[in-house]
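Some notes on the structure that comes next.
A, B, ... follow the sequence lines: proteins, then strands. Residue 1 opens every chain.
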Amino acid sequence: MNQFALEVFGAQLVNSLAIGSIYAILVVGFNLLLLIGGIFQYAYPHLVVMSMYICWLVLMATNNNRILGILAAILASIVINLATEPLFRPLVKRKASVHTFVLSLGIATIAMDVMNRMINTGRPIAFPPQFSGLQSLVKVGIVTISIGQFLTIFGSIVAMFIFIYMLYRTKQGRAFRAMAQNLFVARVLGIPITRQRILSYAIAGLLGGISAVFFAMTLGSVWSTIADILALKVLVAVLLAGMGNLKGGLISAYIIGIIEGLSLAYLPGDWTNAIVFGFVIAIVIIKPKGLFGLRA
Amino acid sequence: MFIIMINFLQMTAIYILLGWGVYINYRMGQLYYGNVPMMAIGAYVSAFIVVNIGWPHWLAILIAFGVGMLISFIIALGLARAEAFGTAIATMGLLFIVQTIIRNLELVGAMYGLINIPKVSYLPLVTWATVFIVGFIIYKIDRCRLGRAMETSFVDRDLADTLGINRYWLGVFSQTFAGTIGALAGCYYAFTIAALRPDHFNFAILLRLIAFVFIGGAQTMWGVVFFTPILWGIAAFVPSEIAAWREMIFGVLLIVILLIRPEGIIDRQLIRVINNKIRQFQGREPIGL
């Protein structure tokens, strides 16, 4: 019995880590848009879910060509994110940060409507078994690690390392960090602000596309209302760490993933999301600036 | 046609009440959407009282008012300290929590909801009386010290602190106010549509509400009043082929308005111009723009 309980715990831990990795990529993309793009992009996870839909459409059209599907998801995510940039630009110029949030709610409305009506007549879509990694890779007792979970955990760690290397070891990353610290000084030093902003949208889109592929692999199917829940979870992780705190965001994404996975395993009914959101309300009340402070 | 008209008027009143809740918090720079979960609570409390206990409607309305005020006050005590985005996300999460609780509560019918809520003939009268009373209160708040304090904390928080404005209690007040009228709106909603399901109180309602407020103009109380009927009219009266796209239309309109007219269609400048026109008509001195 004890052995069994331990194995259940292990299985849930692997699951939580996979979910947490996806959140971590999204949190990094969100924080990038917040710090460099200067926007509060609530609709970022909606656009990620939308690129999953596009990935599915391409898979259907090309008779389950895996490579093309992955490329389509990443490209779609980059293109959609870049397409939102001209909408945000006037708002960013007049520093209306609250309005960027409201505008992203408008984008979320449109994205939800497109997913609800135009693609597969609003029914949930299921990824073909060749694409989704639900097959088991390793099996220890009742603990199974599926291919999708394995790829998600390791792929996201690799993606994080590349991103952090870019941010702290390259000239490009230095420009980003300068912009996040002080926009005015960054402009004085000759950093092309607008071009860097567009680049940050593209990188956020790239990260979103990667997480879309991993999400499709771990979940195997997707439906439109998941976007709202995903958006709230990403924002919860961002708030938990303190807005604009990249490293704290990574940690809190895994914390949210673990809370979610464990409450999924040990609590009855569909209380998972309620617990995660209750947790964030408590955090917002107790520590309004987040666990790790702002912009560390 | 008569029933459609009554329903349209009822829903307009409900959205105006909810929209004012968002407005009064946005006035002091907060993004508070807690009135939508409070609407769910108010709707379920009043419907439960009428259906399962059998008390009269007016008592249910009063109890929903009291419960709404109490719960939103307790939540506001915590949330009033948070920053704008924190409040927005926390209240959106609250909507999910309330939805989950309702969905799992056998007492109020869980997934199936409450059905056969008896209708009441004087409901439109009560609803619109509430709209006028709440509107009068907000009009008065805007023109007294409280409103100026809110205005100041919208423009500059540090300035507001320097001037001795207690932003915490101001936030508690406006969030409690919004939550209470949200609960009342929910109560009227329950008696209007006569059947409640947990998925009525979803994200679409919140997004629609934000679209109404920010298209009409979030800086004055009149934006909600004039643009809720117009935008909700799209949903109610145009042919169903167009009405099916209403969420898309709201989203596109919201983006376009934010880009070309940041304060919404009815902004403070427009209100001042209209005020001066009225003063001119009365033969009084115009006030400076």
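Heavy-atom distances place both the backbone and the side chain of B:Ile101 under 4.5 Å from chain A. Contact annotation for B:Tyr26: only side-chain heavy atoms (C-beta onward) come within less than 4.5 Å of a heavy atom of chain A. Neither the backbone nor the side chain of B:Ala80 comes within contact range of chain A, judged by heavy atoms closer than 4.5 Å. Using a 4.5 Å cut-off between heavy atoms, A:Ser97 contacts chain B through both its backbone and its side chain. Residue contact with chain A, scored on non-hydrogen atoms closer than 4.5 Å, is absent for B:Arg208. For A:Ile107, the parts sitting under 4.5 Å from any heavy atom of chain B are the backbone and the side chain alike. Contacts of B:Val252 with chain A are made by both backbone and side-chain atoms, with heavy-atom separations under 4.5 Å. Residue A:Tyr42 touches chain B through its side chain alone, counting heavy-atom pairs closer than 4.5 Å. For a residue to count as touching a neighbouring chain, one of its non-hydrogen atoms must lie under 4.5 Å from one of that chain's; by this rule B:Ala82 touches chain A with backbone and side chain alike. Both the backbone and the side chain of A:Ile110 come within contact range of chain B, each with at least one heavy atom under 4.5 Å from a heavy atom of that chain. Heavy atoms of A:Arg117 lying under 4.5 Å from chain B belong exclusively to its side chain.
With rounding to the nearest 0.5 angstrom, the CG atom of A:Asp113 is 10.5 Å from the CZ atom of B:Phe250. A:Leu91 CG to B:Leu259 CG: the interatomic distance, rounded to the nearest 0.5 Å, is 5.5 Å. Note: A:Thr109 OG1 to B:Arg246 CZ = 12.5 Å, rounded to the nearest 0.5 Å.
In terms of non-hydrogen atom pairs under 4.5 Å with chain B, the most contact-rich of A:Val276, A:Val236, A:Asp228 is A:Asp228. The choice from B:Ile97, B:Leu253, B:Leu206 that makes the most heavy-atom pairs within less than 4.5 Å of chain A is B:Ile97. Per-residue counts of heavy-atom pairs under 4.5 Å with chain B were compared for A:Val98, A:Thr225, A:Leu232, A:Ile275; the largest is that of A:Leu232. Of all the listed residues (B:Thr91, B:Leu254, B:Leu207, B:Leu258), the one sharing the greatest number of non-hydrogen pairs under 4.5 Å with chain A is B:Leu258. Chain A forms more heavy-atom pairs under 4.5 Å with one residue of B:Leu94, B:Ile89, B:Leu79, B:Ile75 than with any other, namely B:Ile89.
Heavy atoms from other residues, nucleotides or ligands lying under 6.0 Å from CZ of A:Arg94 number more than 12. Counting non-hydrogen atoms of other residues, nucleotides and ligands closer than 6.0 Å to CH2 of B:Trp222 gives a total of 12 or fewer.
Among residues at least two apart or in separate chains, ring-ring contact (aromatic ring centres under 6.0 Å, His included) pairs with a member in residues 80-111 of chain B are A:Phe40-B:Phe85, A:Phe101-B:Phe85, A:Phe277-B:Phe96, B:Phe96-B:Phe203.
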**Steps toward side chain to side chain contact (heavy atoms under 4.5 Å, CB included) verdict (B:Met248, A:Val114)** = CA-CA 8 Å; B:Met248 184 86 90; A:Val114 168; 3.8 Å; yes
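Residues B:Ile255 and A:Gly106 approach most closely at CD1-C, 4.1 Å, considering heavy atoms.
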